[in-house]
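As the structure lists them, so they are numbered: ligands from 1, and atoms in each ligand from 1.
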Amino acid sequence: MRIDILTLFPGMFQGPFNESIFQRAVDKELVMVNIHNIRDYTHDKHHTVDDYAYGGGIGMVIKAEPVFEAVESIISEVYPDSDGRDDLPVILLTPQGRLFRQKIAEELSGHSHLILICGHYEGIDERIREHLVTDEVSIGDYVLSGGELAAMVLTDTVVRLLPGALGSKDSARDDSHSTGLLEYPQYTRPEIYRDWPVPQVLLSGNHGQIARWRRQQAILRTLERRPDLLDKADLGAEERALVEKIQGS
Ligand code: ADE
C-alpha cells in the first residue's frame with residue numbers, strides 16, 4: 001500500500017511513524033508513506049498557501065491551487081499512463097467528515113493507494129472539497145488544530161490491518177471493535193500479583209471453556225461500557241438472550 005499525506009507541517013510526522021508496528025510494516029515493504037509539504041507546490045516568491053476568506057471573517061483559508069497541484073502531481077507520477085483514478089480515495093481530514101470507525105479502516109485497508117489531505121487554519125477552499133476530495137473523515141467530535149494527528153490515527157489504524165503487519169504473536173482478530181465487541185480482559189504472569197489472582201478458567205488449559213469465558217467477558221464488558229455497540233454486534237440467540245436478561249434486570 002502507498003499512502004501520500006499532504007500537510008503544511010511535515011515535521012509533525014517525524015516521530016510516530018518511526019516506531020513499533022508501523023516501522024515494521026515499512027521495513028517489510030507492506031506500506032510506503034510519503035509526506036508532502038503543500039508549500040512545495042506554490043509558485044510565488046513567498047510560497048503562499050493560505051489567504052483571506054472571501055466575504056470577510058477571521059482566519060485564513062488554504063488555497064485551492066497548491067493542493068490541486070500536489071494531488072495531480074502525485075497521480076501523474078504514480079499513474080503516468082492514465083489521467084485519473086476513479087477508485088483512488090483522496091481523503092480530507094476534517095471535523096465535518098464521516099466518523100472514523102474500524103469498519104472504515106477495514107474498507108480503506110483494501111485499497112492499494114490513499115491520498116490524505118490535512119486541513120488547517122479556519123478552513124480549506126470549498127472547491128477542494130467539491131472537485132478533488134472523494135471522502136472526508138473525522139476522528140471524533142472535537143476540533144484538533146489540524147488534520148495531521150487525524151491522518152496519523154487513520155494511517156496507523158489502516159496499516160496494522162495489512163496482512164503481515166502484526167507479527168504472528170499479535171492478531172487483529174480479537175481486537176476491540178473488530179468483532180463489534182470490546183476485547184475481553186487479558187492477563188500475563190505472575191499468576192498472583194499482590195493479592196490478585198488470574199481467573200482460574202484461564203489456567204485450566206481447557207480451550208473450549210476459555211473461548212466461552214472470553215466471549216462472555218467481551219459481551220459483558222461491551223454491555224457495561226458501550227451498550228450502543230451491542231445493537232449491531234453479531235450475537236448468537238443465546239448470547240442475545242443473556243444480554244436482554246441482564247439489561248432487563
Ligand atoms: N481536523 C481538526 N479536527 C479534526 C477531527 N476531529 N478529525 C479529523 N480532522 C480534524
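Side-chain contact check for M152 versus T155: every heavy-atom pair is 4.5 Å or farther apart.
Atom 3 (N) of ligand 1 has L144 N, 3.0 Å as its closest protein atom, hydrogens excluded (heavy atom only). Protein heavy atom at the shortest distance from atom 10 (C) of ligand 1 is P95 CD, 3.6 Å. What sits closest to atom 6 (N) of ligand 1 on the protein, heavy atoms only, is Y142 O, 2.8 Å. Here the heavy atom of the protein found nearest to atom 9 (N) of ligand 1 is T94 N, 3.1 Å. What sits closest to atom 7 (N) of ligand 1 on the protein, heavy atoms only, is I139 N, 3.0 Å.
Both I124 and L144 are members of a single hydrophobic cluster when ILVMFWY side chains are connected at heavy-atom separations under 4.5 Å.
At least one N or O atom of G140, backbone or side chain, sits closer than 3.5 Å to an N or O atom of ligand 1. Checking only distances, A150 never comes within under 3.5 Å of ligand 1, N or O to N or O. Note: no N/O pair closer than 3.5 Å links V137 and ligand 1 by distance alone. Not one N or O of S145 is nearer than 3.5 Å to an N or O of ligand 1, by distance alone.
With no hydrogens or angles considered, no side-chain donor-acceptor pair links D50 and H120 at under 3.5 Å.
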Please tabulate, for side-chain N and O atoms in residues 131-142, each donor-acceptor pair with protein atoms closer than 3.5 Å (sequence neighbours left out).
{"unit_1": "T134", "atom_1": "OG1", "unit_2": "V90", "atom_2": "N", "d": "2.9"}
{"unit_1": "T134", "atom_1": "OG1", "unit_2": "V90", "atom_2": "O", "d": "3.3"}
{"unit_1": "D135", "atom_1": "OD1", "unit_2": "R98", "atom_2": "NE", "d": "3.1"}
{"unit_1": "D135", "atom_1": "OD2", "unit_2": "R98", "atom_2": "NE", "d": "3.4"}
{"unit_1": "D135", "atom_1": "OD2", "unit_2": "R98", "atom_2": "NH2", "d": "2.7"}
{"unit_1": "E136", "atom_1": "OE1", "unit_2": "R129", "atom_2": "NE", "d": "2.9"}
{"unit_1": "E136", "atom_1": "OE2", "unit_2": "R129", "atom_2": "NE", "d": "3.1"}
{"unit_1": "S138", "atom_1": "OG", "unit_2": "G140", "atom_2": "N", "d": "3.1"}
{"unit_1": "S138", "atom_1": "OG", "unit_2": "G140", "atom_2": "O", "d": "3.0"}
{"unit_1": "Y142", "atom_1": "OH", "unit_2": "I139", "atom_2": "O", "d": "3.1"}

Problem set entry | side chain to side chain contact (heavy atoms under 4.5 Å, CB included) assessment of V71 paired with I117 | CA-CA 9 Å; V71 170; I117 303 173; 4.1 Å; yes
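Residues satisfying the side-chain hydrogen bond (donor to acceptor under 3.5 Å, both in side chains) criterion with Q186, sequence neighbours excluded, are E183.
Residue G119 places no heavy atom under 4.0 Å from ligand 1.
The parts of L93 lying near ligand 1 are both backbone and side chain, judged by heavy-atom distances below 4.0 Å.
Under the 3.5 Å distance criterion, the side-chain polar atoms of S204 are matched with a main-chain donor or acceptor of N206.
In summary, K103 and E106 engage in a salt bridge, as defined by a charged side-chain N under 4.0 Å from a carboxylate O.
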